[in-house]
Number of protein chains: 2
Amino acid sequence: MMEVMTTRAESAAATRRALLDAAAELLDLGGPEAVTLREVGARAGVTRGAPYRHFTGKDSLLTAVAAESWERIGDQVHALRTDPSLSASEKLRGALRALIDVGRNQPHLYQVLFRRRANLPGQLGDGMDRIRRQLCGPEGDPAVADRAAERFQDEFLDIVAALAGERNARHYGALLLTSAHGIAGMELSGHLDTDKWHTTADELVDTLVRMVTDVGETT
Amino acid sequence: MMEVMTTRAESAAATRRALLDAAAELLDLGGPEAVTLREVGARAGVTRGAPYRHFTGKDSLLTAVAAESWERIGDQVHALRTDPSLSASEKLRGALRALIDVGRNQPHLYQVLFRRRANLPGQLGDGMDRIRRQLCGPEGDPAVADRAAERFQDEFLDIVAALAGERNARHYGALLLTSAHGIAGMELSGHLDTDKWHTTADELVDTLVRMVTDVGETT
DNA sequence: TCATACAGTTGACAGCGTCATCTGAACCGG
DNA sequence: CCGGTTCAGATGACGCTGTCAACTGTATGA
């Protein structure tokens with residue numbers, strides 16, 4: 001049965017978890033538009049104002065969901081990289097497919113993962129307001145999601161380095177990563193017509209892996 | 001000075017144009033969230049209900065904006081393809097950069113261009129409602145945007161075929177297109193850290209062009 | 001000339017994110 | 001054990017949104 005909640009910290013942590021789970025579920029079902037703070041609260045057993053005790057707002061909540069997902073993907077790629085039963089090519093193919101599979105199985109989540117970072121452009125005027133706000137809660141901070149996404153990229157980079165050599169790893173790593181992202185994105189948006197192009201996302205991944213494998217051998 | 005509007009059709013057409021222009025401008029400024037039917041109407045000199053005479057709703061309006069943009073990009077690539085002063089490689093590089101430049105200069109528009117197509121997944125239940133609705137107005141119909149996007153892809157495919165041969169054109173064309181889309185997307189979202197990867201989007205494009213040029217030569 | 005079609009206006013509604021305010025119970029120093 | 005404090009959560013309110021039904025006035029076409 002359910003553990004009895006005694007301390008306030010435990011109860012708050014449980015609410016936070018429930019909010020994140022509810023948000024992730026609603027995101028899967030109907031995209032960011034369907035993630036209503038009212039509905040999230042209801043599914044977590046609280047009311048519409050409660051999420052503001054754990055996140056600075058809706059954006060912050062979605063960012064936290066993205067951060068957890070990045071961590072999960074990072075773990076997955078880490079497991080691939082350190083699996084001694086896999087060849088270097090298999091590791092690379094697995095990492096690329098891991099990303100594309102998220103696009104396939106959780107398209108709405110995938111789009112949130114690659115949301116535009118808030119403080120990218122030269123907007124510094126009201127940027128300070130946003131930044132200060134999001135510093136209120138350490139979670140939902142874009143920096144948290146950024147760190148998690150970068151860990152994934154680091155793991156990925158190591159896999160590429162083992163295959164194509166340290167020299168080419170960064171350039172070709174970026175090429176592979178962006179290409180996989182593009183494959184996932186166009187498959188997701190429906191702009192990759194497999195009939196028109198006589199090819200599939202999986203075949204494109206194979207070609208990418210083969211190309212980098214060749215680079216590694218001839219270097 | 002301004003031409004006097006007499007006929008009702010002219011007036012309506014002018015309003016439609018103004019609505020599209022206002023929507024495109026607001027999209028550039030603040031993304032889809034900033035495209036308010038009230039503000040669009042205000043900038044077009046009408047009120048909030050007027051857009052419903054020309055589009056079935058906000059989604060339909062944004063789809064029409066995307067369709068016009070796809071047509072513009074298609075024209076641009078067509079001009080590249082038929083320019084006798086350019087080499088095949090230059091045509092390919094230009095086409096890829098044309099797409100990436102949209103991502104750079106109009107990031108919000110770019111995301112709308114690659115919006116998920118409505119009728120992709122197996123949702124047929126309420127899908128009929130949506131479809132019948134969007135058939136009311138021939139514009140804003142997703143099919144219009146799809147046709148425009150496909151014309152761009154056809155032009156692009158021809159450029160690749162001239163460089164890599166008919167045999168490889170489709171497979172490598174898809175690879176190039178998805179890769180360019182991924183480069184644009186990750187640069188746009190801020191996930192392509194040029195310091196970390198020791199490379200830039202432009203260098204990645206050059207590598208892609210070189211790879212396909214090699215394929216064309218060795219075939 | 002007169003009925004009609006139709007672009008555009010207006011009022012209304014439900015739902016949204018967000019904030020200020022309030023409440024009650026867990027906490028903690030004495 | 002007790003009384004003040006902190007803080008998770010509830011609640012009311014506000015402005016904004018997309019959407020639709022009902023309405024208005026004018027150009028159209030027979």
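Worth knowing before you read on, the calculation uses all heavy atoms, side chains too, and leaves out hydrogens, waters and symmetry mates. Letters A, B, ... mirror the listed sequences (proteins, then strands); counts begin at 1.
- Ring pair B:Phe152/B:Trp70 is tilted by interplanar angle, where 30° to 60° counts as tilted.
- Ranking C:dT10, D:dA8, D:dG18 by closeness to the A:His54 side chain, first place goes to D:dA8.
- Looking at residues two or more places apart in sequence or on another chain, you find no side chain to side chain donor-acceptor pair (under 3.5 Å) involving B:Arg53.
- Rounded to an integer number of Å, the gap from A:Lys58 NZ to C:dG15 P is 15 Å.
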Report, one line per pair, each donor and acceptor closer than 3.5 Å where one atom sits in a side chain of residues 29-41 of chain A; sequence neighbours left out.
unit_1  : atom_1 : unit_2  : atom_2 : d
A:Glu39 : OE2    : A:Arg43 : NE     : 3.0

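- Salt-bridge check for A:Asp154 with A:Arg151: failed, with every basic side-chain N at 4.0 Å or more from each acidic carboxylate O.
- Residues forming a ring pair (Phe, Tyr, Trp, His ring centres under 6.0 Å) with B:Trp197 (at least two apart in sequence, or on another chain): none.
- At a threshold of 4.0 Å, the pair B:Asp146-B:Arg115 does not count as salt-bridged, since none of the basic side-chain nitrogens sits closer than that to a carboxylate oxygen.
- Proximity of A:Tyr52 to the phosphate of C:dC19: no side-chain N or O atom is located under 4.0 Å from OP1 or OP2.
- Distances shorter than 4.0 Å separate none of the side-chain N or O atoms of A:Thr15 from OP1 or OP2 on D:dA8.
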Base versus backbone protein contacts along nucleotides 25-30 of chain D [heavy-atom cut-off under 4.0 Å; B, S, -]: -BSS--

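- Every side chain to side chain donor-acceptor pair (under 3.5 Å) that B:Thr207 has, sequence neighbours left out, goes to A:His171.
- Only B:Arg38, listed by number, bring a heavy atom of residues 21-40 of chain B to less than 4.0 angstrom from any atom of DNA chain C.
- As rounded to whole Å, 13 Å separates atom C1' of C:dT18 from atom CG of A:Asp59.
- One can place CG of B:Leu61 at 15 Å from C1' of D:dT17, the figure rounded to the nearest angstrom.
- A salt bridge links A:Asp202 with A:Arg104: at least one charged nitrogen is closer than 4.0 Å to a carboxylate oxygen.
- In this entry the distance linking CZ of B:Arg53 with C1' of D:dA21 reads 11 Å, nearest Å.
- Using a 4.0 Å heavy-atom criterion, one finds that B:Ala50 contacts the bases of the nucleic acid, with or without backbone contacts as well.
- Map B:Arg48 and B:Leu19 each onto its nearest nucleotide of DNA chain C; the residue landing nearer the 5' end is B:Leu19.
- Residue B:Gly57 is in sugar-phosphate contact alone, with no base atom involved, counting any heavy-atom pair closer than 4.0 Å across all strands shown.
- The pair A:Asp206-A:Arg97 meets the salt-bridge criterion, since a charged nitrogen lies less than 4.0 angstrom from a carboxylate oxygen.
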